[in-house]
There are 2 protein chains.
Amino acid sequence: MSRPSHYDRHTALDQAMQLFWRQGFHATSLKDIERALDMRPGSIYSHFGSKEKLFRESLERYTRLGLAELERALDEGPTPLRALADYLRGLGTLYDQALPSRACMLVKSLLELDEREAAAREHVNTLLAGMEARFHQALETSRRRGELPDDLDTRRLARRLQADVMGLRAFAQRDIDRQAVEELAEDMARTLESLGTSGHRDGVRH
Amino acid sequence: MSRPSHYDRHTALDQAMQLFWRQGFHATSLKDIERALDMRPGSIYSHFGSKEKLFRESLERYTRLGLAELERALDEGPTPLRALADYLRGLGTLYDQALPSRACMLVKSLLELDEREAAAREHVNTLLAGMEARFHQALETSRRRGELPDDLDTRRLARRLQADVMGLRAFAQRDIDRQAVEELAEDMARTLESLGTSGHRDGVRH
DNA sequence: CCCCTTTTTGAGCGATCGCTCAAAAAGGGG
DNA sequence: CCCCTTTTTGAGCGATCGCTCAAAAAGGGG
């Protein structure tokens with residue numbers, strides 16, 4: 001059989017993801033990738049096919065991690081609705097975390113890619129739809145439990161929630177103080193909670 | 001004096017803005033610009049200095065147009081708060097407009113640029129702060145008129161409003177049907193209106 | 001119509017882009 | 001320790017990048 005592959009696919013993909021997340025697709029060169037993965041071009045191409053394919057795999061890995069984080073939040077919350085609100089609040093601490101970017105990699109990609117990278121763009125759309133579907137599922141569970149009004153359109157609310165996350169994380173990318181981001185997250189969380197059927201109707205205002 | 005300049009700065013900048021808005025900074029090449037402005041490289045450089053400077057001028061022009069649109073919306077609305085809510089609703093029709101991109105050029109730029117284009121990035125931050133300031137001014141007028149609660153933090157709400165616009169327009173960039181975008185805009189508009197002191201407290205829900 | 005200044009042109013610079021492929025290196029198996 | 005297969009290397013491909021600059025073209029002024 002002979003010469004087992006020395007490289008660690010997991011680690012390599014992780015490095016690629018962080019690089020693309022920070023710099024975006026176009027601003028990241030093969031030289032950057034070679035440096036980050038500590039691999040030579042021939043090796044990179046034999047394992048990943050092309051820059052765009054590596055990018056797509058990075059997007060997938062990013063999304064898998066993001067969904068896992070959401071799952072964790074849903075497990076921790078007392079109810080689905082509260083969990084989602086707390087998930088929003090959690091994004092308010094984005095500012096302190098040493099991430100490649102405070103903005104969402106999927107949104108960065110969505111705004112960066114056009115028809116010339118159609119395959120990758122389509123991939124981003126699919127992954128975003130997946131995130132939205134998970135939001136929807138959680139909200140639907142919440143509604144069935146009676147935590148949300150029975151006639152509430154959970155698909156519509158799931159889209160709102162996703163737009164909130166997009167807006168929050170794009171806003172957090174601004175050169176702005178951390179308190180502003182925390183307050184924004186808190187306001188969005190309150191708006192979401194205010195839809196609940198439970199007592200506290202103080203909701204939106206602070 | 002002799003040889004007056006033939007080119008029309010206004011038109012040229014407009015073409016550049018549309019190109020950068022559609023494709024972003026990195027994905028737009030000098031060849032693209034030459035084609036769009038119908039100018040040769042030497043001419044472009046003598047008038048605009050560099051690709052990055054042309055980009056910054058495009059950002060400025062974009063923002064000036066955006067502020068003018070906001071101003072128009074504020075003039076048309078019965079009150080500042082209603083005007084802002086209707087401004088959000090207006091973004092729901094983004095889908096039908098033949099724009100270079102449904103996403104905001106400032107947000108696209110904010111997410112695309114990093115330290116390597118520090119000057120342009122700083123510019124984006126300044127322009128976004130300007131938009132936020134205009135939102136704040138309108139909300140403050142609204143509060144003084146008694147349309148909003150006296151103790152409401154209008155700076156905080158202005159940031160929320162900007163994040164909503166960012167989220168709405170990023171979401172609209174997805175491969176999604178127009179109704180979803182309209183509903184999203186409507187929901188955000190309702191949340192904003194629900195903060196008002198006027199009667200209808202049905203607010204957020206639909 | 002020629003002069004003079006300014007504007008425009010466009011060939012082409014050095015650097016970098018994504019990527020290929022022949023050669024070298026790296027391990028098991030026997 | 002040699003054989004055999006697979007993996008890795010890295011020089012360098014053609015194409016394109018942002019940009020420069022000497023030469024040509026384009027207008028008024030007189």
Side-chain angles (χ1 to χ4, degrees), chain A residues 1-13 15-59 109 112-121 123, chain B residues 1-13 15-59 109 112-121 123:
Chain A
M1 50 161 306
S2 78
R3 182 94 217 240
S5 185
H6 182 59
Y7 96 119
D8 176 352
R9 191 173 183 82
H10 189 281
T11 304
L13 254 180
Q15 294 299 318
M17 182 201 76
Q18 293 203 38
L19 192 61
F20 280 130
W21 184 4
R22 182 172 344 108
Q23 305 189 343
F25 179 73
H26 289 117
T28 300
S29 74
L30 246 293
K31 290 277 174 238
D32 291 333
I33 296 169
E34 291 171 38
R35 216 174 299 123
L37 309 204
D38 190 26
M39 284 168 80
R40 259 40 63 199
S43 219
I44 295 172
Y45 277 81
S46 93
H47 287 292
F48 296 107
S50 69
K51 182 189 169 188
E52 208 217 5
K53 277 184 187 160
L54 175 59
F55 181 68
R56 271 188 274 163
E57 285 209 58
S58 300
L59 284 173
S109 304
E112 180 185 9
L113 305 174
D114 67 356
E115 301 74 35
R116 290 179 286 188
E117 303 90 17
R121 197 168 200 292
H123 207 109
Chain B
M1 49 162 302
S2 76
R3 184 89 217 243
S5 186
H6 183 59
Y7 96 121
D8 176 352
R9 191 173 182 83
H10 189 280
T11 304
L13 254 180
Q15 294 299 317
M17 181 201 77
Q18 293 203 38
L19 192 61
F20 279 130
W21 184 4
R22 183 173 342 109
Q23 306 189 342
F25 178 73
H26 288 116
T28 300
S29 73
L30 247 293
K31 290 276 174 242
D32 291 334
I33 295 169
E34 290 171 39
R35 216 175 299 123
L37 309 204
D38 191 25
M39 285 168 80
R40 261 39 63 198
S43 220
I44 294 171
Y45 278 81
S46 93
H47 287 293
F48 297 108
S50 71
K51 183 188 169 191
E52 208 218 5
K53 277 184 188 162
L54 175 59
F55 181 68
R56 271 187 273 164
E57 285 209 57
S58 300
L59 283 173
S109 305
E112 181 185 9
L113 305 175
D114 67 358
E115 300 74 37
R116 289 178 287 189
E117 301 89 19
R121 197 167 200 293
H123 208 110

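Throughout, a chain's letter reflects where its sequence line sits, starting with A, and its residues are numbered from 1.
As a whole-Å value, the separation of Asp38(A) CG from dT8(D) P is 11 Å. In this structure, CD1 of Ile44(B) is placed 10 Å from P of dT9(C), rounded to the nearest angstrom. At whole-Å resolution of the value, CE in Met39(A) and C1' in dG10(D) are 14 Å apart. The nearest whole Å value for the distance from the CZ atom in Phe48(B) to the P atom in dT8(C) is 11 Å.
Between His47(B) and dT8(C), a side-chain N or O to OP1/OP2 separation shorter than 4.0 Å is present.
Residues satisfying the side chain to side chain donor-acceptor pair (under 3.5 Å) criterion with Glu34(A), sequence neighbours excluded, are absent altogether. In this structure, Gln15(B) has no side chain to side chain donor-acceptor pair (under 3.5 Å) partners at least two apart in sequence or on a different chain. Partners of His47(A) according to the side-chain contact (heavy atoms from CB on, under 4.5 Å) rule, which considers only residues two or more places apart in sequence or in another chain, are Ser5(A), Tyr7(A), Arg9(A), Met39(A), Ser43(A). By the side-chain contact (heavy atoms from CB on, under 4.5 Å) test, Arg35(A) pairs with Lys31(A), Asp32(A), sequence neighbours left out. Residues passing the side chain to side chain donor-acceptor pair (under 3.5 Å) test with His123(B) are Glu60(B), sequence neighbours excluded. Contacts of Asp8(B) classified as salt bridge (Lys or Arg N to Asp or Glu O under 4.0 Å), with partners at least two apart in sequence or in another chain: none. Scored by the ring-ring contact (aromatic ring centres under 6.0 Å, His included) test, Phe25(A) finds Phe55(A) as partners (sequence neighbours excluded).
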(request) Toss me the dot-bracket line for DNA chain C: Watson-Crick and G-U wobble, both under 3.5 Å, 5' to 3', using | for pairs to another strand and [ ] for crossers. (result) ||||||||||||||||||||||||||||||
(request) May I have the step-by-step check of salt bridge (charged side-chain N to carboxylate O under 4.0 Å, His left out) for Lys53(B) and Glu57(B), ending in yes or no? (result) CA-CA 6 Å; Lys53(B) 277 184 188 162; Glu57(B) 285 209 57; over 6 Å; no
Polar atoms only, N or O, under 3.5 Å: list the protein pairs with nucleotides 18-22 of chain C and their distances.
from, atom 1, to, atom 2, distance (Å)
dG18(C), OP1, Thr28(A), O, 3.3
dG18(C), OP1, Lys51(A), NZ, 2.8
dG18(C), OP2, Leu30(A), N, 2.6
dC19(C), OP2, Tyr45(A), OH, 2.3
dC19(C), OP2, Lys51(A), N, 3.0
dC19(C), O5', Tyr45(A), OH, 3.0

